[in-house]
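FYI, side chains are in, hydrogens and waters are out, and symmetry mates aren't considered; it's all heavy atoms of this structure.
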Amino acid sequence: MKKMYKITSLEGIHARPAALLVTAVTPFQNDIKLTYKEKSVNLKSIMGVMSLGVKPESVVEISAEGPDVATLFQTVTEVMLSNAIGEEWQEE
């Protein structure tokens, strides 16, 4: 399963948003990847997430496999929205 998110944070995904996302997904047993500009990293790795240098207004893809993917994506979406990091995005 995969979803696209548009980053709405004025700073992009820097240390605080990266930490919030990593903390939210770490309890899940899923393999979860964050892809930006054709480079993918483990979303459970704060260093990996920060290494992407995701800029404001960028679109990222989050993909996951394994158990509870629906709950995982619900959690990711809630963290994105409640912390003003990003919002779900669909290609037009």
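Taking each heavy atom of Phe73 and Ala64 in turn, the nearest pair found is CE1-CB, 3.9 Å. Considering all non-hydrogen atoms of both residues, Asn30 and Pro67 come closest at ND2-O, 2.5 Å. Residues Phe28 and Leu72 share a closest heavy-atom pair of CD1-CD1, 3.5 Å. The shortest non-hydrogen separation linking Pro56 to Glu11 is CG-C, 4.0 Å. Closest heavy-atom contact between Thr35 and Ser40: OG1-OG, 2.6 Å. Contact record, Tyr36 with Val60: CD1-CG1, 3.9 Å, taken as the closest heavy-atom pair.
Looking at Tyr5 and Val76, their side chains come closer than 4.5 Å, going by heavy atoms from C-beta outward. Contact of the Thr75 side chain with the Val25 side chain is not registered, since no non-hydrogen atoms from C-beta on lie closer than 4.5 Å. Taking the side chain as every heavy atom from C-beta outward, Met80 and Ile62 approach each other to under 4.5 Å. With a 4.5 Å cut-off on side-chain heavy atoms, Val22 and Val49 count as touching.
Remark: of the listed residues Glu87, Glu57, Glu88, Glu57 is the sole one forming a salt bridge (charged side-chain N to carboxylate O under 4.0 Å, His left out) with Lys6.
At a threshold of 4.5 Å between side-chain heavy atoms, the hydrophobic network of Ile, Leu, Val, Met, Phe, Trp and Tyr places Val79 and Val41 in one connected group. Note: the hydrophobic cluster containing Met4 does not contain Ile32 (ILVMFWY, side chain heavy atoms under 4.5 Å, direct or indirect links). Cluster membership check: Val54 does not share its hydrophobic cluster with Leu10, using side-chain heavy-atom separations under 4.5 Å among Ile, Leu, Val, Met, Phe, Trp and Tyr.
Salt-bridge check for Glu61 with Lys3: failed, with every basic side-chain N at 4.0 Å or more from each acidic carboxylate O.
Identified under the salt bridge (charged side-chain N to carboxylate O under 4.0 Å, His left out) test for residues 35-56, with sequence neighbours left out: none.
Distance check, rounded to the nearest 0.5 Å: CG of Leu43 to CG of Leu21 gives 6.0 Å. Taking CD of Glu78 as the start and CG of Asn83 as the end, the distance is 11.0 Å to the nearest 0.5 Å. Rounded to the nearest 0.5 angstrom, Ile13 CD1 and Ile46 CD1 are separated by 11.0 Å. Between Arg16 atom CZ and Ile85 atom CD1 the span is 6.0 Å, to the nearest 0.5 Å.
Take Asp31 and apply the side chain to side chain contact (heavy atoms under 4.5 Å, CB included) test, not counting sequence neighbours, and it matches no residue.
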